[in-house]
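Naming: A, B, ... by sequence-line order, numbering from 1 per chain.
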Amino acid sequence: MELVNIYRNMSRSREFELAVAELWEQGLITGEMHASTGEELVAAAVTACLTAEDSLSLTHRCSSFVVARGVPLVPVIKELLGREDGLCHGRGGHMHLFSRDYRIATSGIVGASLPTGAGFALAAKRLRPHALAVAQIGDGALNQGMALETLNLATVWKLPLLVVCIDNGWAITTSSESLTAGSLPERARSFGWLVGNADGADIEDVSQAAKALVKNVRAGKGPAFLYARCPRMDGHYLGDALVRLARHPVSDGRDTLTKVVGGAFSQGGSGLISRATGLTRMMGAIGKIRHTPAHGDDKDPLVITRKRLSKQGYDVAKIDLEAQEEIRCAVAVSLGEEHD
Amino acid sequence: MELVNIYRNMSRSREFELAVAELWEQGLITGEMHASTGEELVAAAVTACLTAEDSLSLTHRCSSFVVARGVPLVPVIKELLGREDGLCHGRGGHMHLFSRDYRIATSGIVGASLPTGAGFALAAKRLRPHALAVAQIGDGALNQGMALETLNLATVWKLPLLVVCIDNGWAITTSSESLTAGSLPERARSFGWLVGNADGADIEDVSQAAKALVKNVRAGKGPAFLYARCPRMDGHYLGDALVRLARHPVSDGRDTLTKVVGGAFSQGGSGLISRATGLTRMMGAIGKIRHTPAHGDDKDPLVITRKRLSKQGYDVAKIDLEAQEEIRCAVAVSLGEEHD
Amino acid sequence: MIELSLGQAIDRAIENAMSEDESIVLIGEDVPMLRAPLYARFGVERVMGAPISESAFIGAAVGAAMEGLRPIVELYMVDFLAVAFDAVLNHMAKLEAFSGGEWHCPVLIRAPSGGGYGDGGQHAQSLWGMLSAIPGLTTIIPSTPMDAYGLTRTALRHSGPVILFEPKLLSEEWLEFLGRLGREDLEFDVPENASGMVNEDEFAPFGRAVTRREGGDVTILSLAVGVHRALAAAEALASDNIQCEVIDLRCLSPLDRESIRRSVAKTGRMVVVDEDYRNYGLSGELAATVLEAGLHPTFVRVCVEGTIPYNHRLEKDTLPSVKRIIEAVKEICQS
Amino acid sequence: MIELSLGQAIDRAIENAMSEDESIVLIGEDVPMLRAPLYARFGVERVMGAPISESAFIGAAVGAAMEGLRPIVELYMVDFLAVAFDAVLNHMAKLEAFSGGEWHCPVLIRAPSGGGYGDGGQHAQSLWGMLSAIPGLTTIIPSTPMDAYGLTRTALRHSGPVILFEPKLLSEEWLEFLGRLGREDLEFDVPENASGMVNEDEFAPFGRAVTRREGGDVTILSLAVGVHRALAAAEALASDNIQCEVIDLRCLSPLDRESIRRSVAKTGRMVVVDEDYRNYGLSGELAATVLEAGLHPTFVRVCVEGTIPYNHRLEKDTLPSVKRIIEAVKEICQS
Ligand SMILES: Cc1ncc(C[n+]2csc(CCOP(=O)(O)OP(=O)(O)O)c2C)c(N)n1
Ligand SMILES: Cc1ncc(C[n+]2csc(CCOP(=O)(O)OP(=O)(O)O)c2C)c(N)n1
Ligand SMILES: [Mg+2]
Ligand SMILES: [Mg+2]
């Protein structure tokens with residue numbers, strides 16, 4: 001039952017992201033829209049452990065958490081559309097989804113979700129026994145000072161804080177291992193955190209890790225760190241040029257490639273080795289993007305989970321259909337269309 | 001010979017601090033003057049490994065490094081006095097000692113010495129083969145975001161940076177273990193640093209650790225972290241109220257204590273346990289300060305080193321006398337007095 | 001009525017508010033020692049020492065405020081707010097706007113400010129100009145213990161974020177803690193009447209300036225230490241038959257534009273005395289305030305023109321002094 | 001002469017400077033990809049990708065600049081400078097003063113700024129007001145490719161720290177990267193003539209404003225996108241027989257007070273068009289500039305009055321629009 005609920009939220013999140021992508025393609029959503037496809041499972045499994053008293057501090061890539069938390073979708077979609085009757089009256093937008101009722105805040109400043117989460121946890125600790133706060137964070141963001149500070153603060157203040165670190169291997173165009181020293185779980189451990197490690201495509205793994213950590217945090221034993229690897233399935237944001245370049249180098253990348261090659265062969269500049277190293281690294285990054293799981297292929301966490309539950313006899317097709325219907329309806333209502 | 005030189009700089013630094021304290025007592029130095037008594041050995045042993053091409057990024061507690069580095073003392077003292085002909089023309093002051101010739105910068109912003117040091121190291125790497133940068137930092141400062149960020153940055157950029165972390169157990173009135181999670185050497189290690197651990201009162205220990213780390217850094221193997229424990233012998237700064245309270249509770253602490261006791265017994269406020277915990281912690285801090293080594297006692301790193309070298313047959317008394325004379329003379333010149 | 005220093009008045013306001021409102025917590029480096037009486041009274045759960053991690057604990061204060069607490073954050077000095085500027089600019093100030101007015105963030109930041117005790121230019125700034133530029137923040141800057149008390153009390157019932165500047169030169173406790181440090185014969189150029197009477201029942205409104213001295217010839221607009229310098233200058237100028245009106249702004253955001261305009265309309269001359277940097281800050285905003293109202297006074301500013309030097313005499317000349325104010329007033333009275 | 005967008009002009013200036021001066025290094029998140037041609041040309045040692053640690057890498061840039069390099073630091077957006085504000089306020093800006101003028105810090109920060117593509121209020125700020133308030137910094141804000149090129153070139157020979165604001169709405173590359181993202185039929189309200197001719201031999205001086213249009217009735221003072229809006233408004237107003245003089249400030253610190261005063265003395269009317277926040281910033285400083293010179297123009301400001309909303313239409317109304325400028329000009333021409 002529990003796994004089904006998690007799967008339901010995964011499916012809802014994925015449908016939500018697909019619908020958002022369509023609205024975005026149509027130009028109805030402005031700015032940088034970060035899809036959370038690939039991390040639906042982590043979001044769903046973590047929120048499954050929460051009560052209404054718990055709070056969430058999220059990043060720019062927050063949709064799956066928002067959906068799984070059960071925030072009514074029409075105001076959320078309307079907010080993305082910038083409508084006056086959106087969740088934040090059209091003032092916040094995709095990187096600033098705030099819901100007081102659902103205790104959700106987001107921020108477009110990389111790293112800021114941790115201090116805010118620590119504050120939520122502090123309030124919980126004083127005002128709502130057994131409540132906790134969840135703070136989502138990306139792997140790249142764990143190099144940001146305020147995030148690192150919070151690793152220390154939360155421990156010494158013994159805060160009921162669960163950090164969910166989603167390592168998708170990237171920060172925009174930067175492949176994470178190139179600019180992150182050591183390992184992130186080790187990093188958290190060195191600040192005294194209880195750390196859980198999970199494969200973001202393995203529903204049992206994520207769910208068990210989340211439950212175990214939440215239990216500890218609720219028991220007042222201090223903060224915990226859930227480290228989960230997930231693919232970044234749609235690039236940094238919708239329309240990511242690097243993804244387009246990797247997928248269609250000829251049609252979408254010609255200009256870029258021409259300029260780069262021009263630079264590499266310009267007179268003056270650094271020595272050949274230094275230049276070649278640069279070019280090689282760039283090609284490596286593009287290659288890495290090519291190997292990211294695509295929607296529907298057998299490394300897509302949704303597909304993996306669907307298969308697994310299907311084998312266990314659950315009617316996932318029905319869940320998917322329901323999710324599809326729910327989202328289609330929410331979009332139609334948000335656009336002010338009649339819904340059949 | 002090498003140990004003698006280290007001792008000479010220790011002795012010079014100590015004499016310098018004593019002279020500064022006197023000027024400060026006379027009201028000739030304004031603001032917060034942070035004495036580095038207790039950490040002379042670390043400063044002397046580290047600077048002993050440096051060449052003129054190396055640079056130093058220092059904190060508010062920088063005197064021992066400045067003295068050991070061999071910066072001419074008259075301009076330094078004049079700077080503390082705020083004179084137009086001081087090291088920085090009286091504009092910088094004790095927290096802002098800058099010497100371009102000696103490649104020394106300091107900052108009064110806690111944590112800032114690390115980014116600056118990383119920058120020095122970057123310049124060294126590109127412009128002066130085999131040169132390195134030293135960045136001093138306090139234990140409390142390693143909770144500051146920009147310092148933590150630099151732990152990552154220096155590793156991934158493979159900078160020739162030696163961080164010298166001086167753990168004196170305190171950040172102003174805060175006993176470090178209460179607000180620092182985990183251990184600092186572990187913290188550095190988790191960011192991929194080579195870490196050396198030394199007792200700041202043991203000349204062989206510190207000297208060997210410093211040499212080994214410097215060798216690695218010079219060899220281009222990336223940054224290294226020297227962690228040294230030292231006593232904070234004169235409190236956070238000259239005139240530290242907590243030190244005065246601990247040493248003379250009746251004459252210097254009566255007011256404070258009265259107010260605190262008043263607070264503890266006011267009507268309204270928190271429960272007894274919470275109040276009692278607070279009082280107990282305060283008393284603990286004062287007790288801890290009472291146990292700090294005092295000048296000249298047998299836990300004073302200078303005394304320990306003096307004894308050790310003396311046993312090895314060195315004429316430490318002569319070195320002390322020379323240091324005394326040098327400093328006395330520098331002070332007299334700085335004050336514009338004739339010097340006999 | 002009790003006689004208190006400005007710093008003590010803030011402490012008292014905090015203590016009274018904390019005893020009335022359980023949701024108030026005090027956060028900051030060393031607060032258990034710096035505010036030992038509060039620590040002893042309210043205990044470890046409400047007076048929380050913080051590591052040297054301003055971004056994290058100010059950021060956490062914002063989160064805590066959103067979820068039902070009312071945190072007071074103490075900084076050692078406003079200069080250090082630079083390391084946590086994001087929490088201020090992009091979070092506490094923007095929450096209300098971003099949430100479409102639905103969520104609030106009642107945080108009070110207590111930030112000692114200003115120089116005058118020879119601590120160097122990283123420890124002597126005022127910075128209220130740039131902080132008041134940020135939409136969504138309230139900034140209060142008392143010059144008297146009564147205002148310090150009353151504005152703090154108001155701030156601790158306000159629904160949004162407030163930055164309280166505590167001029168160190170007017171807070172005997174900070175001067176002792178950072179400057180005198182037990183040296184009994186050390187003198188600072190502390191204004192007379194830095195201490196004063198406080199009525200614990202009186203709150204001070206935001207956005208309301210106070211006329212500290214009436215006069216028809218020149219309007220001096222100031223705040224914090226500057227008010228005291230201006231009053232001393234006005235006293236001296238009175239003997240030259242120049243009558244200065246001295247207005248204490250008290251609150252920069254919201255700004256009491258009405259009172260400013262009324263006085264400037266009367267005198268036709270305007271001097272701004274500001275311990276903060278001259279350019280792109282308070283003095284400019286005051287110029288715009290009168291121009292927008294169609295007033296055309298003669299105008300001069302006595303502000304800080306560069307990085308504040310360590311040398312105590314140079315520092316004194318850099319900060320607005322009585323001497324510089326007198327010269328400025330005379331200059332515009334002649335022209 | 002080549003035709004370039006504003007962003008390309010900055011790239012070109014950087015490329016030319018890097019090929020002349022070995023000490024220049026480029027540091028920033030994703031710069032190997034964002035500036036791929038430079039990366040390919042100058043290699044991994046001079047084009048350095050940085051982790052998301054702005055305090056550390058801007059602080060490191062300061063240190064590197066002190067010790068002989070000339071770092072260019074790229075930020076994604078000026079809004080994010082808040083997380084590294086200490087490196088700016090307390091370090092790069094103060095080094096020269098603290099060292100008694102003996103040490104210099106030639107750092108250039110390239111900071112994309114401004115809104116207009118619906119990205120929300122943490123990604124649309126200008127902030128040049130508060131940054132220009134800091135003594136010791138130079139701030140440059142080009143509105144044309146030629147100025148972008150020339151000011152960047154000058155900055156890369158300057159001995160002190162410079163902040164270069166790159167208005168995103170004028171940089172086709174940023175609009176594509178942050179707003180359009182491959183969506184070909186998406187329109188932004190980009191001024192005409194955002195691209196323009198660049199002479200690669202021409203440097204632009206600091207502290208010198210440029211008159212973009214002459215006129216005797218009203219002076220419009222602006223910068224960045226505002227200049228283009230002002231020119232469009234001036235065009236429209238000309239048909240109502242109102243002749244606007246449009247001045248492009250280009251550089252806020254140092255500020256060309258002379259040119260401002262000369263024009264305002266001529267027209268007696270002054271409109272400030274500023275994408276930055278209204279209070280305690282640029283518009284105030286300009287008011288002070290004319291008042292200090294004894295000028296008494298009518299005055300009105302068209303600025304940003306609060307947190308910039310996400311909704312694209314509201315955002316447009318919040319930023320200075322041609323319509324608001326026209327109304328403002330008409331208002332002061334009638335009074
Ligand atoms: C302080 C700050 N610096 C830079 C950025 C620009 N930026 C937005 S998202 C991002 C990458 C974040 O990477 P990660 O934390 O791994 O999250 P992901 O996008 O992979 O989910 C960056 C650099 C920002 N928003 N804030
Ligand atoms: C950013 C910042 N926050 C706070 C302070 C105030 N402050 C000055 S020294 C200090 C304690 C530093 O402790 P530590 O790093 O252990 O160095 P120590 O004084 O023990 O040598 C603090 C909090 C500051 N100068 N800068
Ligand atoms: Mg990532
Ligand atoms: Mg310490």
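Looking at heavy atoms from C-beta onward, Asp119(C) lies in side-chain contact with Met77(C) at the 4.5 angstrom threshold. The closest side-chain heavy-atom distance from Thr219(D) to Pro297(D) is not below 4.5 Å.
For a residue to count as touching a neighbouring chain, one of its non-hydrogen atoms must lie under 4.5 Å from one of that chain's; by this rule Val290(C) touches chain D with the side chain only. Neither the backbone nor the side chain of Ser55(C) comes within contact range of chain D, judged by heavy atoms closer than 4.5 Å. For Val300(C), no part sits under 4.5 Å from any heavy atom of chain D, backbone or side chain. Contacts between Leu295(C) and chain D at a heavy-atom distance below 4.5 Å are absent for every atom of the residue. For Leu127(D), the part lying near chain C is the side chain, with the backbone staying farther off; criterion is any non-hydrogen pair under 4.5 Å.
Comparing Gly129(D), Gly100(D), Ala97(D), Ser132(D) by how many heavy-atom pairs each has under 4.5 Å with chain C, the most go to Ser132(D). Of the listed residues (Pro309(D), Gly294(D), Gly121(D), Ala293(D)), the greatest number of heavy-atom pairs within a distance under 4.5 Å of chain C belongs to Gly121(D). Highest contact tally toward chain D, considering only Ala133(C), Ala87(C), Gly281(C), is held by Ala133(C) [criterion: heavy-atom pairs under 4.5 Å]. Note on Leu291(C), Val83(C), Leu89(C): by heavy-atom pairs under 4.5 Å with chain D, the leading option is Leu291(C). Interface remark: of the candidates Leu282(C), Thr298(C), Val88(C), Leu282(C) forms the most heavy-atom pairs closer than 4.5 Å to chain D. Ranked by heavy-atom pairs shorter than 4.5 Å toward chain D, the options Ile134(C), Val304(C), Asn279(C) are led by Asn279(C). With chain C as the partner, the residue from Phe98(D), Tyr310(D), Trp128(D) showing the most heavy-atom pairs under 4.5 Å is Phe98(D). The most heavy-atom pairs under 4.5 Å with chain D, out of Met130(C), Lys94(C), Glu305(C), come from Lys94(C).
Of the possible polar contacts, one joining the Ser253(D) side chain to the Leu137(D) backbone as a donor-acceptor pair under 3.5 Å is found. Side-chain atoms of Asp86(C) do not come within 3.5 Å of backbone N or O of His91(C) as any donor-acceptor pair.
Listed here is the closest heavy atom pair of Pro135(C) and Thr307(D): CB-N, 4.0 Å. Contact detail for Ile220(C) and Ala230(C): the closest heavy-atom pair is CG2-CB, 3.7 Å.
Under the side-chain contact (heavy atoms from CB on, under 4.5 Å) rule, Thr138(D) has a single partner from Val162(D), Leu164(D), Leu252(D), which is Val162(D). Partner Val272(C) forms a side-chain contact (heavy atoms from CB on, under 4.5 Å) with one of Ser283(C), Pro320(C), Ser222(C) and no other, that one being Ser283(C).
There is a side-chain donor-acceptor pair under 3.5 Å between Gln125(D) and Tyr277(D).
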